[in-house]
Enquirer: 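Below are the structure tokens for one structure; questions will follow.
A note on names: the letters A, B, ... follow the listed sequences, proteins ahead of strands, and every chain is numbered from 1.
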Amino acid sequence: MLQVPYIRENKDQIVEGLRKRSWDDDRLSILDDIVKKDDERKNIQTELDTILSQINAISKSIGDLFKSGNQEEANARKSEVQALKQKSSDLEDQAKANKEALQELLFQVPNVPNTLVPAGSTEDDNEVYQDLEGALPDLGTSAKPHWELVEDYKLIDFKRGVKITGAGFPLYTGKGAKLQRSLVQFFLNEAEAAGYNEVNVPFLVNEDSGRGTGQLPDKEGQMYAVPLDKFYLIPTAEVPVTNIHRNEILSTEDLPLKYTAFSPCFRREAGSYGADVKGLNRLHQFEKVEIVQMVHPSQSYDVLMTMVDHVEGLLKKLELPYRILRLCGGDLGFTSALTYDFEVYSAAQKRWLEVSSVSNFETFQSNRLKLRFKNEDGKKELVHTLNGSALALPRIMACIIENNQTGDGIVIPEVIRKYTGFSIIN
RNA sequence: GGAAGAGUGGCAGAGCUGGUUUAAUGCACUAGUCUUGAAAACUAGCGUGCGUGAAAGCGUACCGGGGGUUCGAAUCCCUCCUCUUCCGCCA
């Protein structure tokens, strides 16, 4: 959520940024509506405060009058207050309505894309920030997609997953389960080595947390809900982790805060269909190791690149063919100012699969979270939040299984053999 | 799930028979005085949001969250949340 003073002072810059998200003049007019609503809010506030001040003063004098035994005068003033009371409660109603209206407007405005974000409306307009080194791997015509391989080697039992829950809830078995757990272990250890503090978070969150990171109020349809208790199943560990310090004021020495968390992720994925959802490509439940940072605003873009480097290091160690994209305005998430996506090439499916998304949210989340720090001048300032997948498991699993298939079986990447205890699946 | 008790500023802790509370006091913290330096002592400062103002400041709201009673609520009432103790159930 953008801050209103920021909108007032940087309108041109915001307009320029939102145009990259294909906002036309009509939509952009919401910025003026916001300023107008905020002016209204200020006026109401001033008026209300004045009346409350009068009520307070008179009420106090009534107390004094009662003490000195001047009942008549006291009662006269009571009716005086009652009149003011009517006014103040009207104003309070107005203030409430105004606040809700303003909030609703603000919830509609996405983050302002960074200057580096290319204009564009679809994923085809994303910029290849760093292309694959070398040629695309070619496995020849006998290569099988992972959904066949996992069946051949009994790594995943999709059918029984369907029986237990439904489509998109795979049952990992045997070496499939172990390979996934090994990758998780590897990712967590790598994150720890990079200075991230491991946390183990609740997998259900309340509404306040959902709002804090921007899933609510608009995207409740993408989350599984537990209405009886008003909880949501997390779509990513980003939600609980970024909410750790909600409503807190940190000191400069606390920054940067670096967290890593493993969690299952639950997504309804309403509206998905086709080849996208085959096998492990798109699931309702999957596992992921997430990295999150809360940093001084002056550092956030440097930090973003260190996070990109970290993810890149993981893919290199796993020896997977990858490329890095810089998302265009149209593909950029609602809350992000700049996002780098990592894609791994599936040689059997002959397509790129997104395995990580690393983003800087600047103050967009921290403003909702009320996550601030006291800066060098002792003033309170919003921190910048960033996060990235490091990494999401299913597509990594899919690529390892597909790209490493040989006549003898599936070869386990060197770096995770110490976790799996086996070097080939056959 | 049942019963009882409790939630006050960074911490501790008063106030809780409604009206000098503008939330006492102590500790911690910050600055200053003193000191070669430190400690001690003394002095001052020390929450958050919003409005207003160039600023100092002034106003307003906040004593777990929300709502209510009243001229006036930390204080009374309702409701939700959390914690503690006991009972029940349970990995």
Side-chain angles (χ1 to χ4, degrees), chain A residues 1-9 34-103 105-106 200-212 216-217 225-232 240 243-255 257 264 363 365-383:
Chain A
M1 191 163 70
L2 298 179
Q3 299 173 90
V4 179
Y6 178 77
I7 295 174
R8 286 178 184 274
E9 286 159 31
I34 288 170
V35 171
K36 215 181 290 174
K37 269 281 171 244
D38 193 55
D39 287 338
E40 193 182 308
R41 180 187 63 84
K42 288 183 177 190
N43 290 334
I44 295 171
Q45 184 75 46
T46 305
E47 207 176 329
L48 180 60
D49 281 357
T50 309
I51 290 173
L52 288 175
S53 174
Q54 289 168 6
I55 292 176
N56 285 341
I58 298 172
S59 294
K60 196 171 181 182
S61 75
I62 290 173
D64 295 339
L65 287 168
F66 270 123
K67 261 186 210 161
S68 59
N70 194 342
Q71 300 248 345
E72 266 179 54
E73 179 65 19
N75 285 323
R77 294 206 181 173
K78 274 194 192 180
S79 54
E80 204 177 319
V81 174
Q82 262 156 354
L84 285 169
K85 193 77 179 172
Q86 183 58 47
K87 269 199 205 167
S88 77
S89 94
D90 287 350
L91 281 167
E92 266 163 17
D93 291 346
Q94 279 183 45
K96 196 177 170 192
N98 167 275
K99 189 185 168 188
E100 278 165 12
L102 180 58
Q103 194 79 288
L105 290 174
L106 285 168
N200 194 320
V201 295
F203 301 149
L204 276 73
V205 294
N206 58 29
E207 290 180 323
D208 284 341
S209 293
R211 257 189 296 275
L216 298 175
V226 185
L228 193 59
D229 296 292
K230 291 188 183 154
F231 291 150
Y232 293 89
N243 271 282
I244 290 175
H245 298 288
R246 164 155 53 88
N247 270 326
E248 290 185 19
I249 299 174
L250 307 165
S251 56
T252 333
E253 308 87 74
D254 295 329
L255 304 177
L257 285 166
T363 61
Q365 289 184 327
S366 59
N367 185 34
R368 282 201 198 180
L369 292 161
K370 302 259 160 24
L371 172 47
R372 293 161 293 170
F373 73 104
K374 271 209 169 116
N375 68 17
E376 299 74 13
D377 304 324
K379 296 223 166 115
K380 288 164 292 289
E381 202 178 333
L382 294 168
V383 306

Enquirer: Which residues satisfy the side-chain contact (heavy atoms from CB on, under 4.5 Å) test with A/Lys374, sequence neighbours excluded?
Expert: A/Ile249, A/Lys380

Enquirer: How many Å lie between CG on A/Leu250 and P on B/U48, as a whole number?
Expert: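 Spelled out: CG on A/Leu250 to P on B/U48 is 14 Å.
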
Enquirer: Checking A/Gln3 now: which residues fulfil side-chain contact (heavy atoms from CB on, under 4.5 Å) with it, not counting sequence neighbours?
Expert: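 For A/Gln3 the side-chain contact (heavy atoms from CB on, under 4.5 Å) partners, ignoring immediate neighbours, are A/Pro5, A/Tyr6, A/Thr363, A/Asn367, A/Leu382.
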
Enquirer: In whole angstrom, give me the gap between the P atoms of B/A55 and B/G15.
Expert: 41 Å

Enquirer: Report the C-alpha distance between A/Ser366 and A/Arg372 in whole Å, list the side-chain angles of each, state the deciding distance to 0.1 Å, and finish with yes or no for side-chain hydrogen bond (donor to acceptor under 3.5 Å, both in side chains).
Expert: CA-CA 7 Å; A/Ser366 59; A/Arg372 293 161 293 170; over 6 Å; no

Enquirer: Rounding to a whole Å, what distance do you find between A/Arg246:CZ and B/G49:P?
Expert: 17 Å

Enquirer: How do A/Ala57 and A/Lys96 order along RNA chain B: which one's closest nucleotide is nearer the 5' end?
Expert: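 Closer to the 5' end of RNA chain B: A/Ala57.
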
Enquirer: Using whole Å, what does the distance between atom C1' of nucleotide B/G64 and atom CG of A/Asp208 come to?
Expert: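 Answer to the nearest Å: 13 Å.
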
Enquirer: At less than 4.0 Å, is any side-chain N or O atom of A/Arg372 found next to OP1 or OP2 of B/U48? Yes or no.
Expert: no

Enquirer: How many whole angstroms separate atom NZ of A/Lys370 from atom P of B/G49?
Expert: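 Going from A/Lys370 (NZ) to B/G49 (P), I get 10 Å.
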
Enquirer: Nearest-Å distance, CD1 (A/Ile51) to P (B/A61)?
Expert: 13 Å

Enquirer: Pick the C1' atom in B/G72 and in B/G19, then give their distance to the nearest Å.
Expert: 7 Å

Enquirer: Give one of base, sugar-phosphate or nothing for A/Lys99, where a contact means two heavy atoms less than 4.0 Å apart.
Expert: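 Answer is nothing: A/Lys99 stays at 4.0 Å or more from every strand.
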
Enquirer: Going by side chain to side chain donor-acceptor pair (under 3.5 Å), name the pairs with one or both residues in residues 84-93 of chain A, residues two or more places apart or in two chains.
Expert: A/Gln86-A/Asp90

Enquirer: Determine, stepwise, if the pair A/Leu369 / A/Asn243 fulfils side-chain contact (heavy atoms from CB on, under 4.5 Å).
Expert: CA-CA 7 Å; A/Leu369 292 161; A/Asn243 271 282; 3.2 Å; yes

Enquirer: Going by the rule side-chain contact (heavy atoms from CB on, under 4.5 Å), which residues pair with A/Ser251 if we only count those two or more places apart in sequence or in a different chain?
Expert: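 A/Ser251 satisfies side-chain contact (heavy atoms from CB on, under 4.5 Å) with A/Glu253, A/Asp254 once adjacent residues are dropped.
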
Enquirer: A/Asn206 and A/Ser209: side-chain hydrogen bond (donor to acceptor under 3.5 Å, both in side chains), yes or no, with the steps?
Expert: CA-CA 6 Å; A/Asn206 58 29; A/Ser209 293; 3.2 Å; yes

Enquirer: With 3.5 Å as the limit, what N/O pairs link the protein to nucleotides 16-21 of chain B?
Expert:
unit_1: B/G19; atom_1: N2; unit_2: A/Ser59; atom_2: O; d: 2.8

Enquirer: How far does the P atom of B/C89 sit from the matching atom of B/G5, given to the nearest Å?
Expert: 24 Å

Enquirer: Measuring only the P atom in each nucleotide, how far is B/A61 from B/G67? A whole number of Å is fine.
Expert: 15 Å

Enquirer: At under 4.0 Å between heavy atoms, what does A/Ile44 touch on the DNA or RNA strands: base, sugar-phosphate, or nothing?
Expert: nothing

Enquirer: I need the residues from residues 72-94 of chain A with at least one non-hydrogen atom less than 4.0 Å from RNA chain B; give them sorted by number, or say none.
Expert: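 Listed by number, they are A/Lys78, A/Val81, A/Gln82, A/Lys85.
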
Enquirer: Look at the side-chain N and O atoms of A/Asn56 and state whether any lies under 4.0 Å from the OP1 or OP2 oxygen of B/G59.
Expert: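 Checking B/G59 against A/Asn56, no side-chain N or O comes under 4.0 Å of OP1 or OP2.
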
Enquirer: Rounding to an integer number of Å, can you tell me how far A/Glu207 CD sits from B/C81 C1'?
Expert: 13 Å

Enquirer: Are side-chain heavy atoms of A/Gln103 and A/Met1 found at a separation under 4.5 Å?
Expert: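 Side-chain contact under 4.5 Å: yes.
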
Enquirer: In whole angstrom, give me the gap between the C1' atoms of B/U85 and B/U69.
Expert: 33 Å

Enquirer: Quickly work out the A/Phe231 CZ to B/C81 C1' distance and round it to whole Å.
Expert: 10 Å

Enquirer: Between which residue ranges does RNA chain B form stems of three or more consecutive Watson-Crick or G-U wobble pairs, both distances under 3.5 Å?
Expert: B:1-7 with B:81-87, B:10-12 with B:25-27, B:29-33 with B:41-45, B:47-52 with B:57-62, B:64-68 with B:76-80

Enquirer: With rounding to whole Å, what would you report as the distance between B/U75 and B/A56 at their P atoms?
Expert: 33 Å

Enquirer: Can you tell if the side chain of A/His245 reaches within under 4.5 Å of the side chain of A/Leu250, non-hydrogen atoms only?
Expert: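 They are in side-chain contact.
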
Enquirer: Starting at CD of A/Gln103 and ending at P of B/C50, how long is that distance when rounded to a whole Å?
Expert: 13 Å

Enquirer: Mind running side-chain contact (heavy atoms from CB on, under 4.5 Å) on A/Arg246 and A/Asp208 for me, showing each step along the way?
Expert: CA-CA 9 Å; A/Arg246 164 155 53 88; A/Asp208 284 341; 3.4 Å; yes

Enquirer: Using ring pair (Phe, Tyr, Trp, His ring centres under 6.0 Å) as the criterion, list what pairs up with A/Phe373, not counting sequence neighbours.
Expert: A/His296

Enquirer: Any side-chain heavy atom of A/Asn375 sitting closer than 4.5 Å to one from A/Thr252?
Expert: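 Answer no - side chains too far apart.
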
Enquirer: Under 4.0 Å: is that the gap between some side-chain N or O of A/Lys374 and OP1 or OP2 of B/U48?
Expert: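 Looking at the OP1 and OP2 atoms of B/U48, one of them is under 4.0 Å from a side-chain N or O of A/Lys374.
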
Enquirer: Looking at A/Lys380, does any N or O in its side chain come under 4.0 Å of the phosphate oxygens OP1/OP2 on B/U48?
Expert: yes

Enquirer: Which pairs, with at least one residue in residues 45-54 of chain A and sequence neighbours excluded, count as a side chain to side chain donor-acceptor pair (under 3.5 Å)?
Expert: A/Gln45-A/Asp49

Enquirer: I'd like a table of atom pairs between the protein and nucleotides 51-54 of chain B - only N or O on both sides, under 3.5 Å - with the distance next to each one.
Expert:
unit_1: B/G51; atom_1: OP1; unit_2: A/Arg41; atom_2: NH1; d: 3.3
unit_1: B/G51; atom_1: OP1; unit_2: A/Arg41; atom_2: NH2; d: 2.4
unit_1: B/G51; atom_1: O2'; unit_2: A/Thr46; atom_2: OG1; d: 2.5

Enquirer: Given A/Glu207 and A/Phe231, is the side-chain contact (heavy atoms from CB on, under 4.5 Å) satisfied, shown in steps?
Expert: CA-CA 7 Å; A/Glu207 290 180 323; A/Phe231 291 150; over 6 Å; no

Enquirer: Does A/Arg368 have any side-chain hydrogen bond (donor to acceptor under 3.5 Å, both in side chains) partners at least two apart in sequence or in another chain, and if so, which?
Expert: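 Checked A/Arg368 against side-chain hydrogen bond (donor to acceptor under 3.5 Å, both in side chains); zero matches.
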
Enquirer: Taking the C1' atom in each of B/A31 and B/C83, what is the distance between them to the nearest angstrom?
Expert: 38 Å

Enquirer: Looking only at atom P, what distance separates B/A6 and B/U17, rounded to whole Å?
Expert: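 12 Å, rounded to whole Å.
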
Enquirer: Give every residue pair that meets the salt bridge (Lys or Arg N to Asp or Glu O under 4.0 Å) criterion with at least one member in residues 34-45 of chain A, sequence neighbours excluded.
Expert: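 Qualifying pairs: A/Arg8-A/Asp38, A/Arg8-A/Asp39, A/Lys37-A/Glu40, A/Asp38-A/Arg41.
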
